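Each residue takes its place number in the sequence, starting with 1. What you see is a predicted model, and the numbers here were worked out from it, not measured in a lab. Both counts, for ligands and for their atoms, begin at 1 and track the order of listing.
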Amino acid sequence: MSDARPDRAVGEAQRDRGAGVDWRLYLVTDPHLGGGRDAVPGIAYEAVLGGVGVVQVRDKEGDDDEFAIHAVAVAEAVARACTETGRVVPVFVNDRLDVARELGLHLHVGQRDIPFARARSAMPDHLMVGLSIESDAQLGAALAGPGPVPDVIGVSPVWATATKTDTAAALGPEGADRLARAAHAHRSGGGGVREADGGVGGAAGGVRAVGIGGVTPATVARLAATELDGICVVSAIMAAPDPRAAAAELIARWEAGKSLPPKGEPA
Ligand SMILES: Cc1ncc(COP(=O)(O)OP(=O)(O)O)c(N)n1
Ligand SMILES: Cc1ncsc1CCOP(=O)(O)O
Ligand SMILES: [Mg+2]
């Protein structure tokens, strides 16, 4: 029997699947930058101990069976770190709908992957589906309704990056801020994907937004000054000599950036 659920009725509020998630620091894994597939679970474990709140398993090589074995290893490592820290860290699968469904993990899709609406309707209702957004037009289409909207958007790319070169043009922090504001302003059906809650990851309501592409310790502060709920990194953690320390530094810089007064206002 299929896990697919019918789309919610028009006018019905979408459930807030991302409530309670710490969106401030989202790790997307990469086997090459991490020193090979076998090294990735250990890096994800260390990264969660350092403060990563969301993990996405991304591996463009191998078939679905190989990917699934890899994703299970990463998810188990994240679960171990969660047991030790008492945190809850969701694990997303990049691109591969069938693997996400089979393993009961969340899914992230891009504009050139399976269409969001198809992914959403094929995924169990309790699991999140994230979507990459590269432009105002793409965000407008994603929020146009009346169907479900993404649980989180990856605003992509904020800056050009050597990690992924087949991207749209860089949005810059101003573009990322504009898209995050528009995502937060979205209210689905009967009241909103989430109400403004003031919790971890920002006080805004609407659809959550993380910024990806070229985020490093040197650029975090610039994004902390935007409406984004968090930052999303690959190389800043996967290629770091000490992934736990790298994650801790990124979170510390995000928090330090958040405590700075907005531009133009006195401290
Ligand atoms: C959180 C997040 N945002 C954006 C992306 C990029 O997705 P996509 O454009 O589909 O590119 P690939 O990662 O599949 O190469 C992402 N993975 N995660
Ligand atoms: C997966 C992805 N999607 C847009 S940019 C990117 C790669 C980001 O890598 P890095 O954090 O190393 O710049
Ligand atoms: Mg993709």
Side-chain angles (χ1 to χ4, degrees), residues 17-18 21-35 40 43-44 47 52-62 64 67 71 74 89-100 105-116 118-119 128-135 138-139 141-142 150-173 175-176 179-180 183 201 207-220 222-223 228-240 243 246-247 249-250 253-254:
R17 302 178 188 86
V21 174
D22 181 351
W23 293 101
R24 293 174 301 166
L25 179 57
Y26 182 148
L27 169 66
V28 176
T29 67
D30 180 301
H32 297 295
L33 288 170
V40 174
I43 295 173
V52 159
V54 184
V55 172
Q56 180 190 131
V57 187
R58 180 173 180 269
D59 185 343
K60 296 293 187 180
E61 286 154 26
D64 278 4
F67 183 96
V74 175
V89 173
V91 177
F92 284 75
V93 162
N94 175 260
D95 292 349
R96 305 188 197 219
L97 169 66
D98 291 345
V99 177
L105 297 174
H106 308 283
L107 176 69
H108 184 92
V109 292
Q111 297 289 329
R112 287 161 288 281
D113 300 318
I114 177 172
F116 170 80
R118 261 176 52 205
M128 293 185 273
V129 181
L131 176 66
S132 310
I133 294 291
E134 304 155 325
S135 67
Q138 288 177 4
L139 183 62
D151 297 291
V152 59
I153 60 165
V155 173
S156 160
V158 180
W159 289 285
T161 172
T163 308
K164 179 173 167 70
T165 50
D166 59 335
T167 64
L171 293 156
L179 288 168
V207 174
R208 292 175 176 83
V210 295
I212 185 169
V215 181
T216 68
T219 58
V220 171
R222 190 62 194 86
L223 293 190
L228 288 167
D229 296 284
I231 47 172
C232 188
V233 303
V234 184
S235 55
I237 290 178
M238 293 308 298
E249 184 184 7
L250 288 164
R253 290 191 183 227
W254 173 263

Do Ile237 and Ile43 make a side-chain contact, defined as non-hydrogen atoms from C-beta onward lying under 4.5 Å apart? yes
Given His108, Glu134, Gln111, identify the one with the heavy atom nearest to atom 16 (C) of ligand 1. His108
Any non-hydrogen side-chain atom of Pro90 less than 4.5 Å from a side-chain atom of Met128? yes
Should the proximity of Ser156 to ligand 2, defined as any heavy atom under 4.0 Å, be assigned to the side chain, the backbone, both, or neither? side chain
Sub-4.5 Å side-chain heavy-atom contact between Trp159 and Leu223: yes
Answer yes or no: does an N/O atom from Thr167 fall short of 3.5 Å to an N/O atom of ligand 2? no
For side-chain contact (heavy atoms from CB on, under 4.5 Å), just list the numbers for Asp22 and Val54, CA-CA rounded to whole Å, side-chain angles, deciding distance to a tenth of an Å, and then say yes or no. CA-CA 7 Å; Asp22 181 351; Val54 184; over 6 Å; no
Below a 4.0 angstrom heavy-atom separation, can you tell me which part of Arg58, side chain or backbone, both or neither, approaches ligand 2? side chain
Closest approach of any protein heavy atom to atom 11 (O) of ligand 2, naming residue and atom: Val234 N, 2.9 Å
Does the side chain of Asp166 come within less than 4.5 Å of Lys164's, by heavy atoms? yes
Is there a side-chain contact between Val233 and Met238, using heavy atoms and a 4.5 Å cut-off? no
Looking at Asp151 and Arg17, is any side-chain nitrogen of the basic one under 4.0 Å from a carboxylate oxygen of the acidic one? yes
If only protein N, O or S atoms under 2.8 Å count, total around the Mg ion (ligand 3): 2
With side chains defined as the heavy atoms from C-beta onward, is the minimum distance between Asp95 and Arg58 less than 4.5 Å? no
So which heavy atom in the protein is nearest atom 13 (O) of ligand 1, and how far is it from that ligand atom? Arg58 NE, 2.8 Å
Under 4.5 Å between any side-chain heavy atoms of Leu250 and Pro217, yes or no? yes
Does only the side chain of Val152 get under 4.0 Å from ligand 1, or the backbone, or both, or neither? Count heavy atoms. neither
For atom 9 (O) of ligand 1, the protein heavy atom that lies nearest, with its residue and separation: Ser132 OG, 3.5 Å
Location of contacts on Asp113 toward ligand 1, heavy atoms closer than 4.0 Å: side chain
Criterion side-chain contact (heavy atoms from CB on, under 4.5 Å) on Lys60 and Asp30, from CA distance to verdict: CA-CA 9 Å; Lys60 296 293 187 180; Asp30 180 301; over 6 Å; no
Logged contact type for Thr167 with ligand 1, heavy-atom cut-off 4.0 Å, is neither
Can you report which non-hydrogen protein atom sits closest to atom 18 (N) of ligand 1, along with the distance? Gln56 NE2, 3.0 Å
What atoms in ligand 1 come closer than 4.0 Å to a heavy atom of Cys232? 1 (C)
Please report the closest heavy-atom contact between Ser156 and Ile212, naming both atoms and the distance. CB-CG2, 3.5 Å
Check each heavy atom of Thr163 against ligand 2 and say whether those closer than 4.0 Å belong to the side chain, the backbone, both or neither. side chain
With atoms numbered from 1 as shown, which atoms in ligand 1 lie under 4.0 angstrom from a non-hydrogen atom of Lys60? 12 (P), 14 (O), 15 (O)
Distance under 4.0 Å to a non-hydrogen atom of Asn94: what atoms of ligand 1 satisfy this? 12 (P), 13 (O), 14 (O), 17 (N)
Between Ser235 (side chain only) and Thr163 (backbone N and O only), is there a donor and an acceptor less than 3.5 Å apart? no
Polar side-chain atom of Asp229 near backbone of Val210 as donor-acceptor pair, under 3.5 Å: no
Ignoring hydrogens and angles, tell me if any N or O in the side chain of Trp23 forms a donor-acceptor pair with the backbone of Gly18 under 3.5 Å. yes
When you measure from atom 3 (N) of ligand 2 to every protein heavy atom, which one gives the shortest distance, and what is it? Lys164 CD, 3.5 Å
What's the shortest distance from atom 13 (O) of ligand 2 to any protein heavy atom, and which residue and atom give it? Thr161 OG1, 2.6 Å
Atoms of ligand 1 close to Ile212 [distance to a heavy atom under 4.0 angstrom, numbered from 1]: 3 (N), 4 (C)
Report yes if some heavy atom in the side chain of Asp59 is under 4.5 Å from a heavy atom in the side chain of Asn94; otherwise report no. no
